[in-house]
Undergrad: 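Here it is: the structure, laid out below.
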Amino acid sequence: MAPLIVAIIAISLYTNGENGNFLGGDNLKNILLQVSVLGIIATGQTLLIAAGQLDLSVATLAALAGVIGATRIKDGGSELWAVVLVLLICALFGLLWGILVAGLKIPPFILTLGGTSLFASIALRISKSSPVPARERFEWLGRAKVFGVQTPIWYFLIVVVIAAFVMRYTRFGRHVYATGSNEEASYLTGIPTARTKVLCFVISSTLAGFAGLVAMARISTGDPRNGSQLALQAIAAVVLGGGTLAGGRGSPIGTFIGVVLLAVVQSALTFNNVQTFWNDAVFGLVLIFAVVVTAIGDLRRRRFGARPILASFIRRNESVQVPSEK
Amino acid sequence: MTVNVLELREISKSFPGVQALSNVSLIVRPGTVHAICGENGAGKSTLIKIATGAQSADSGVIQICGDRIDHASRRTVQNLGVRAIFQERQIAPDLSVTENVLLDRLPKRFGRVDWKNAKIQARQRMDALEISLDIDTPVRNLSVAQLQMMEIARAVSLEARLIVMDEPTASLSRHELEPLFRVINKLRDGGVSVLFISHHLDEVFAIADEITVMRDGVVISHGEISEFTPASIAGLMFGRTVLSSQADRMSQGDLSKPRLVIDKVCSDRLNDVSLSVSAGEIVSVTGGIGAGVSELARMAAGGMLKSSGEILVYDDSRKSHAISSRRQALNLGVAYLPADRKRKGLLLERTLSDNIVLGQQAAGSNPILTPRKVSESARAIAPSANIKAANVDVVVGTLSGGNQQKVMIGRWMGVNARIMIFDEPTAGIDIASKFEIYSELRRLADSGVAILICSTDFQEVGQVSDRVFVMRSGNIVGEVEGSKATEGRLLEMEMSK
C-alpha cells in the first residue's frame, strides 16, 4: 500500500507545482466527489474479492437502482420508501447470486456476467430507454453539504470506515478472509463458508444499489446507461489496494487508497490538459503497473526472500525432540 | 568406464540468511537407484531442485551424462534426459492418460492425431513397465499412486536416463508401494537411474542401491546400501541414535462411555460400517487407499453425506446427537484433521495465529473478534500444542510438516474438542516429529479425548492404537486389540477371506 500513497503524493505535488489549485480544498473535495460512487461499489467488491468471489453485475445493478429510485418518486412518492425499496431489491439480487454461487457452485464470474446484461436490460425497459428525471428530489442523498462537504463523500467515508471495522474486528470479517484463503479448509474446520459468501454478495449488491441511488441523486437523473465502467474500475481499485482475485487478501482501507489513486490520476490528467482519450490508457497502465509490481514482490519472496529466511529462522529455534529411552 | 548419469560437485546454495547447501557432491551411476535421506530442512529438496534445473546453484559443477552444464534450466536438463517427478504434479487433468503420457508427441497422420496409434503406443509404454492403467480415463480420476505411474511412463517415453522423485511414497498407501517398487526395478533393469528422497528407511532399504545422507546442508555420509543399517542411517540423519519406542499406553479409555458411535453407515464408498470410540481411547481404522478409510474419517466429522446409517455423538450428559453437517459436528466438539493439511487443513499463506484460532473462530458466537483477542488466544494455545516457532505471526506455510500438524491439533485444543478424527496423522512428517505427534495423541487421549485415527500406515496404527479396525473396499473385515496389532497381523486380516 505504501507505494500507492507515495504515488498519490508524488502525482499531487507534481500537478500542484504546475497548477497551484490542485491541492486546494475545492479540488480535493471534487476529486473525492468524483469517485464516491465508485468507492462505495469498490468497498462492497473488496469483501467479495477477499472471500474469493467476484461480482461484475454491480455497475448495471447501480444503474438499475438509480432508474427505479427516480421512477418511484417521479409522481411524488416518498423518498425514504423509494430508497428502502431499491436497497431491498438489490439485496435480494445479491442473495440470489450468493445462493447460486454457494449452493450450486456456479463460478461467480459467468453468473454475474449474465446478471450484468440482465440488469442493463431491465433498467432500459423501466426507463423506456431514456433518463428518468428526479427533479429536485433526493437532495440529502446527492447534493446537500454537511460541514461544507457533499453528502456522497460522507457516505463513501462512512461505508469505508464501517467496512474496515467489520473486516478487522469482527468474526464475520475473519470468516471472509478464511473462506477466501482456503475455502475447503475453512469449511472442514466448521466455518460457515456458504453463509459467509452469501452475505458478501448481499452486502456488495446492497452497497451497489446505494451507490446507484447516490449517483442518481447527484445528477438528479436516473440514467439507465450510467456508469457501465464501474464494475471493472471497482475491481481495479481493490486490486490496487492489495486484493487478489485468488481471494484471502484485500482491505477496505487499501481499496480506499486505490480509489483515491485512480481519482488523483484522473484529476491530474485534466489539470495537466492531457487529452481525454488518454484517460483509459493511463487507467490501464496504472493497473498493469500495480499488478506487475505486486507479482514481482511475490515472486522474489517465493524464490529468494521471505520464505527461506523465515523458514531458517524458525528452524533455528526448532530442536528436534526424540522420545527418550525408557 | 561408464559415464555417470548425474554428477554434482561441490554445490553450494544460500538463501538470504541461510546456507541451504554447502559443498555438496553427489554421483548417480547408470542403472542404479539412489536414495537421499535427511530430516526436514537438511537440504534434500534444494539439492533436487538444483539437479533438475528448477533452481540455480551459487557455485559448483553439474554434469549430466558427462556434459558439463553451466546454466542449468529445467529445459536443458530435461533435454539431457533428466526428468523430475515432483510432489506438485504437472498434469493436464482433463486429458486422458494416453494424451498425458505422449503429450507433445502424439502420433499424427494426415495432420490429425492418429488416436489408434496413440493408444497403442501408450499401451506399449504401460506394458513395458507392467503398469495397469486405463489409458482412456481422464487423469483427473486417477489416484495419487496411479498418477505417479503415469508420470513415470511419461518420463520413460521421453527417453529419460534419470528420473528424480521427490518423496514418491509420501502419499501412497502400503499396497501401492509394491507396484511402485516393481516399476522402479524395471527402470533399473532397463538402465534408467532413479534418484529419490524418502523419509521411510524401510523403503530405502527395500529399493535403493546407494544412499546419501544429508544433514544441515552437507553430505554426512554416502555409499552402497549394504554398508548401512536403518539404525546407522537414522543416527546419521539426526546426529544421534533414534530409538523407535512404542508410545506409552497410560489408560485404555473407559469403554462404558462411548463418545462417537458410527452405526451401520453406508455411502458409495462405505458399506455398513459400525464402530465406536470412547473417551480416553485411541481407535484406528486401517486398510489400503481404496478401502474407504479416508472417506470414513471425513464422514464421521460431518464433512460428507452418507446414504444411510447414523453417526452419533454423546455429550457429557450422555445425550446422543446425530451428526448431519460439519458445522453441527464442530459445535458438538468433533475435530477433523485431514490428511492433506496443505490443501484441506491450513490457510497456508496466513499466520500461525490465524490458523490456530480458526477452530475457536468457527465455534464462537461473539460477533466481535479483535486481532488482539486472536493473538492472545494464539499465544495461549501454541505452547500447549508444543509448537516450535519463533512467534505466532510466522506464516504457517513456512513451518515444518510436524509443526503444521501441531498447529492443526492446537486449533482443536482451543475449542476443547471431545472427539478428534485424524486422517493420516503423520503423512509427510519426518521420523522424529512422528514420535512427537504420537505422544501428543496419547496425551490428548489421557486428557479424555476420544480419538479416531484413519491411517493406511500399519506400523503407525500398531504403535498408537488401543483398538484397530481393518477395512477392505468399504467394509470392516476385522478388529484387533492395539497391543496385538502387528504389521503382519493387520496385513493378514486385510488379505484374508
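Just so it is clear: chains get the letters A, B, ... in the order the sequence lines come, proteins before strands, and each one is counted from 1.
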Undergrad: Say you draw a straight line from OG of S181(A) to CG of D354(B); how long is it, rounded to the nearest 0.5 Å?
TA: 7.5 Å

Undergrad: To the nearest 0.5 Å, what is the distance between CZ (R171(A)) and NZ (K373(B))?
TA: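 Separation between the atoms: 7.5 Å.
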
Undergrad: Among L188(A), V166(A), N182(A), who wins on heavy-atom pairs under 4.5 Å with chain B?
TA: L188(A)

Undergrad: Are the side chains of Q361(B) and H175(A) in touch, meaning some heavy atoms are under 4.5 Å apart?
TA: yes

Undergrad: Does the side chain of R195(A) reach to within under 4.5 Å of the side chain of R327(B), using non-hydrogen atoms?
TA: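 Yes - at least one pair of side-chain heavy atoms lies under 4.5 Å apart.
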
Undergrad: Please report the closest heavy-atom contact between S186(A) and L347(B), naming both atoms and the distance.
TA: OG-CD2, 3.9 Å

Undergrad: Under a 4.0 Å N-O cut-off, is there an ion pair linking R298(B) with E184(A)?
TA: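 E184(A) and R298(B): salt-bridged.
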
Undergrad: For residues A178(A) and L358(B), report the shortest heavy-atom separation together with the two atoms involved.
TA: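 So the two residues come closest at CB-CD1, 3.9 Å.
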
Undergrad: Should P371(B) and R168(A) count as side-chain neighbours, where that means a heavy-atom distance under 4.5 Å?
TA: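 In contact.
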
Undergrad: Counting only heavy atoms closer than 4.5 Å, note whether Y187(A) contacts chain B via side chain, backbone, both or neither.
TA: both

Undergrad: Is the backbone N or O of G248(A) less than 3.5 Å from a side-chain atom of R350(B), with the two atoms forming a donor-acceptor pair by type?
TA: yes

Undergrad: Taking the side chain as everything from C-beta on, heavy atoms only, tell me whether F172(A) gets closer than 4.5 Å to I368(B).
TA: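 No, too far: nothing below the 4.5 Å cut-off.
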
